[in-house]
2 protein chains.
Amino acid sequence: MAGKPTLVSLARELGVSRQTISNALNAPHRVNVRTLERVLPAIEESGYRPHVAGRQLRTRRSRNLAMRLFASADGINGAILDRFLHALTEAAQRDGYRLTLFTAPDDEGEVAAIDELLSTADIDGFVLTSTHHDDARTAWLLEHDVPFVAFGRPWSSEDPFEAPHPWVDVDGGSGTSDATVHLLERGHRRIGFLGWPAGSGVGDDRRGGWQRALDAAGVDPATDELSLGVEDSVAEGARGARDLFARGATALVCASDSLAIGAVAAWRQGTPDASAEVPVIGFDDTPVAAALGLSSVRQPIEQVAEQTVTLLLKRFTGGAGGTAAPEHVLLPASLVLRTPDPHLLGLPPPGPGHPRP
Amino acid sequence: MAGKPTLVSLARELGVSRQTISNALNAPHRVNVRTLERVLPAIEESGYRPHVAGRQLRTRRSRNLAMRLFASADGINGAILDRFLHALTEAAQRDGYRLTLFTAPDDEGEVAAIDELLSTADIDGFVLTSTHHDDARTAWLLEHDVPFVAFGRPWSSEDPFEAPHPWVDVDGGSGTSDATVHLLERGHRRIGFLGWPAGSGVGDDRRGGWQRALDAAGVDPATDELSLGVEDSVAEGARGARDLFARGATALVCASDSLAIGAVAAWRQGTPDASAEVPVIGFDDTPVAAALGLSSVRQPIEQVAEQTVTLLLKRFTGGAGGTAAPEHVLLPASLVLRTPDPHLLGLPPPGPGHPRP
DNA sequence: GGTAGCGCGTTGAACGTTCAAAATCTGATT
DNA sequence: AATCAGATTTTGAACGTTCAACGCGCTACC
């Protein structure tokens, strides 16, 4: 009675052996239906839960996934990783897995932390985020035969669909392309792209979508003139946007909501009509964008998380121990259109001012 | 050679018993100095790491903490919990603990999840967040004798420092008080408070700080007139702020950055002077506030996390198993002053507009 | 009627660690 | 030289689970 029930204590109470209890739960087909009917309700009623440490010791499986928690650099765009974290926790939980967090100052530290976790805490698999060009982490994980799935393509020169490891990613280019098409339909012809300096896989991908849409529409892209790469911040976004508007852009597709917020401010500076449509589209559909009424490209993070877990679990149960070719999933982004509240980020009507101290 | 070293394999290799290796690592004083000198470097070199499942099975300790991951409702203010999560992971890691996440739809679900975690995965302790009035979770945890620390006071009528469980919290009232004093020093006399409907512990606490500062300065608070409680969103903040300004407020202290952002927009509507100081102060110093140049009250989240872990660990190692009185830590908030970039959330100079499509 | 096979259930062993008790060694004291 | 205390090391057992092997009873087949 006292203490939690174990296989042995339960077995004694029910007059069967521990293995029968274990089988009733894990391999019911091996147990006679009549015993099953007698034993299962009793187990249920006892509130028995297998102790993970015992199971882990024997099976070498922990039902534990791990992921590095990044410091959200900007905080605005960092929100996307927080959404991912939440969705991943839920997806893992649905499949009976838990998510353990760890931090690391850099990629090297992350590899060290993974190494440590592997040798102490049987973690079954890892989730990699923020993959980038020449990512040393994937190389290490592959070499050490560690099950993992990356959120993010390998941004190398080779075809990502030929990559030796599984990944899930969002087709950002399709998102910026949709955004561009939307602006074209609104009558814009000189649509600029406000992004980051060339070289970041994610940024180049988003820029590519914008360019493809312009090409497809037969509009002269004036690519070099109407595209700009700046640091990812609101202030830089405002500065960059002013520049692009000065070059004749009438609308902007941005690589992030941070940049877009800056761009909106810059645009409002030059367009005193409060009711005018705001021709700026951001990326990631962050809470700030929603709060300010900014249109933005949304990543299907919940699906990304779901797929990530699915691929990871396949990795564990995969037939001949991972001989199956790694799978790669590219999900489409979607455009979220909003009409900004004219009183936010907005213009003052020429009414009376407020009292001053 | 093949496979990871275990106590037994190491012992065989070094010609000592497993227990000696174990002692060398966990209780060096029990081992002869000469053996220690011989054995320790060899252990180090072997890369041996104790296997947590084995240890956990024997010691009933997992060195694992767990916390519920909330869906960040607003997303702007949710950022505070994400900061906490990060800091907590780091603090736990420093002390050799890991953090496991779980989700739950509500408090009842959280208790169920904790119950489940307790019976399967020896979790050593839990961290509770977002405590509120009449929190059923603390009652359950206390009753079941589960080690936990709350981030947040128990918002009941009794003296929180007499609470039967340990907690860490930030003195939000001191923050809004500082903010109010700052505005008083800038010459304001009619300072309003824009918060949430009465009844939320956190909100009432922040409102209390504002009121105390006004009382102390001998300024007629006109409490009812200049204080307003609305839903926590940017739009509601703008609406509420317009209301307060109309009642003669010249400055606002807000219970959140969401509200403050709305308030800034409302204020700009009525004050066409772009260079004027913005008499609005937010709460939580979220990334958005930083990006927009909004002054805000900052919670020392890193210290909160540090203290939370410290109290939790004390709970485990506490002399006679937790007979010591629970500890309560209240940390001061600090005021972060900023000058907003006049081009963000800003006014358009009456210059030429931008080209239109 | 022997035996092969199958269904079902049990037992022994092992995963890697630490606690508790027993065994051995060292040096000093009688 | 025998004894004892204390320091150091080793051994047995246990934590809770699952794998592998084994045992038993029954049926079917030749």
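The sequence lines fix the lettering, A, B, ..., with proteins before strands; numbering per chain opens at 1. It should be emphasised that the depicted structure is a prediction, and the values quoted were computed from it without experimental measurement.
- The CG atom of A:L14 sits 11 Å away from the P atom of C:dT10 (whole-angstrom rounding).
- As rounded to whole Å, 15 Å separates atom C1' of C:dC8 from atom CD1 of A:I21.
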- Message: Protein within reach of the bases, or only the backbone? For nucleotides 16-22 of chain C, mark each nucleotide 5' to 3' as B, S or -, using heavy atoms under 4.0 Å.
- Response: BBBB---
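- The one candidate from A:F161, A:F148, A:F151 that meets the ring-ring contact (aromatic ring centres under 6.0 Å, His included) condition with A:W167 is A:F161.
- For the pair B:L36 CG and D:dA7 P, the interatomic distance rounds to 16 Å; values are reported in whole Å.
- Salt-bridge check for A:R137 with A:E108: failed, with every basic side-chain N at 4.0 Å or more from each acidic carboxylate O.
- Between A:W155 and A:H132, the distance from one ring center to the other does not fall under 6.0 angstrom.
- Taking a cutoff of 4.0 Å between a charged side-chain nitrogen and a carboxylate oxygen, B:R68 and B:D106 do not qualify as a salt bridge.
- A sub-4.0 Å separation between OP1 or OP2 of C:dG9 and a side-chain N or O of A:T35 is present.
- Annotation: side chain of B:P164 is in contact with side chain of B:L142 (closest heavy-atom distance under 4.5 Å).
- A:R83 has a carboxylate O that lies under 4.0 Å from a charged side-chain N of A:E302, or vice versa, which qualifies the two as a salt bridge.
- Straight-line distance from the CZ atom of B:R34 to the C1' atom of C:dT26: 12 Å, rounded to whole Å.
- A straight line from CD of A:Q56 to P of D:dC15 spans 19 Å, rounded to a whole angstrom.
- B:N23 has its CG atom 13 Å from the C1' atom of D:dT11, to the nearest Å.
- When the P atom of D:dC15 is taken as reference, atom CZ of B:R61 falls 18 Å away, rounded to whole Å.
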